[in-house]
Amino acid sequence: MKYCSTRGSAPHLGFDDVLLTGLANDGGLYIPNEWPYFSDSEIRKMKGLSYGELATKIIYPFIQGSIIQNNLQEIIIETYKSFNHSKVAPIRQLKENIWIMELYHGPTLSFKDYALQVIGSIFENILSKNNRNINIVGATSGDTGSAAISSCANRSGMNIFILHPEGRVSEVQRRQMTTVNSPNVFNIAIKGTFDDCQSLVKLMFKDESFREKLNLSAVNSINWARILFQIVYYFYAVLSIGALNKSVSFSVPTGNFGNVFAGYCSKKIGLPISKFYIGSNNNDILTRFFSNRSMIIKDVVPTISPAMDIQVSSNFERLLYDVYKGDHLKINNLMRDFSEKKCFTVDPEIFKKIKSNFEAYKLDDEETKSIMKRTFDESQYILDPHTAVGLGAIDNFPNMLDDPLVVLSTAHPSKFPDAVKSAVGRSPSLPDSIKDLYNLKEDYNVLPNNLDLVKDYIYSNASL
Ligand SMILES: *Cc1c(COP(=O)(O)O)cnc(C)c1O
């Protein structure tokens, strides 16, 4: 299987290089050259498979030609063993026709574990077979950093450097990153915002000689492997509720458009899905797009669902590439508009195509808390604020309830104790995996928002 860039001028690569590279060198995102397809009867035969067996089946066609081809099943099954629920992604019925899929049973309690945990292991396999070393550099507003660190800690062939904005991630999120205590993990608290961290990382990747000297690698949400491994739980959800005779809809809280794009991919390869309901917080660039056909950047505002405090939904470029049927020129033009004018507008017939798959709705913090409260009162179920944004979005579409609906729960409520306390009046209990968190010693360096100093620090601690 080969992959090409949405912008058309980067080299076509196999899975291993796509994984190691992250962003294509023309600024685009990698996407498969051709897509596998699972027929209705093939999907029916998947019923009863464990999460790991199902993942192996779905992922296999996408990694053909990779050096992990023959170890895939072993890597996947080994990885999901570290999750704290035997079903890996259990599903529970909330009310008639509405299910919640809990994607927070990985080591760091957010859905990001479902892809990142496997990625660390695949990295290690590829690197040891190629006898290579890499240095992973990333910026985080909270969940990506802890999931990536947990996945790469104590592995050989790689050091990982995660930049977070000092004082702007929750204490649970910070401790999940800074208490890991592994010689290949380096936490850097930047005196600045998440955007400052992100821009430092981008500048390091732009510096060709630094990038090559250090074999820089990225695990942020533009990496194709993250989308790929998230496709699996959409299949698992439909199989779990046994809804193969009808179409299912999903509601997904969205920031970077990564999670919901994985859902779109699952539909593309055969899963019967009718609609995706997208929830945004006050950073509602996507919701505005779905009502006026234009993507227009505004400033980021802080909310109680901080993992979605994002304005640029990077993975939307992959959707555009698909609906424009691979028209590189068109994608380049739209993306040029976006970076120069902070705005792009899609053609009306393309907009219609997109709208046939997605609806979007915005919830502010008060509305989000009222969904958390209502769900707790009705079902004694505590939602995290991100999941509440997803669930709340569907209230706006009263006609949809003919199809079974699966709400993706993207984080355990204990990661956001303040929001939960203020919404439902009690603190969520801590799962065993993080009970120790407050006793462990933290280790991180504070650095100013200064590119040269950050580069010096990374260079002197790099795996070379
Ligand atoms: C990252 C994250 C999201 C947003 O996911 P995208 O793939 O960026 O759309 C939602 N909820 C939680 C808890 C997250 O950590």
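Positions are given from 1, in the same order as the sequence printed here. First listed ligand is number 1; within each ligand, the first listed atom is number 1. As a basis for the values below, the full set of heavy atoms in this structure was taken, side chains included, without hydrogen atoms, waters or symmetry mates.
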Suppose I only count heavy atoms of [X] and a 4.0 Å limit; which atoms of ligand 1 are within that range?
X: Lys112; answer: 1 (C), 2 (C), 3 (C), 14 (C), 15 (O)
X: Ala411; answer: 13 (C)
X: Thr254; answer: 9 (O)
X: Gly258; answer: 6 (P), 7 (O), 9 (O)

When you check the side-chain N and O atoms of Tyr324 and Asp347, is any donor under 3.5 Å from an acceptor? yes

Tell me the protein heavy atom at minimum distance from [atom], and give that distance in Å.
atom: atom 12 (C) of ligand 1; value: Thr410 OG1, 3.4 Å
atom: atom 4 (C) of ligand 1; value: Gly255 N, 3.7 Å
atom: atom 8 (O) of ligand 1; value: Asn256 N, 2.7 Å
atom: atom 7 (O) of ligand 1; value: Asn259 N, 2.9 Å

Run the ring pair (Phe, Tyr, Trp, His ring centres under 6.0 Å) check on Tyr114 and Phe83 step by step: do they pass? CA-CA 9 Å; Tyr114 288 73; Phe83 282 48; 4.9 Å; yes

Does the gap between the ring centers of Phe351 and Phe289 come in under 6.0 Å? yes

Could you give the side-chain donor-acceptor pairs of residues 421-429 under 3.5 Å, partners two or more places apart or in another chain?
unit_1: Ser422; atom_1: OG; unit_2: Lys369; atom_2: NZ; d: 2.9

Could you see which bit of Asp143 sits under 4.0 Å from ligand 1, with heavy atoms only: side chain, backbone, both or neither? side chain

If you measure from each non-hydrogen atom of Phe111 to ligand 1, which part falls under 4.0 Å: side chain, backbone, both or neither? side chain

Lys/Arg N to Asp/Glu carboxylate O, Asp403 vs Lys275, below 4.0 Å: no

Can a salt bridge be assigned to the pair Asp395 and Arg374 using a cut-off of 4.0 Å between side-chain N and carboxylate O? yes

Working for ring pair (Phe, Tyr, Trp, His ring centres under 6.0 Å), residues Phe276 and Tyr264: CA-CA 8 Å; Phe276 298 97; Tyr264 179 82; 7.0 Å; no

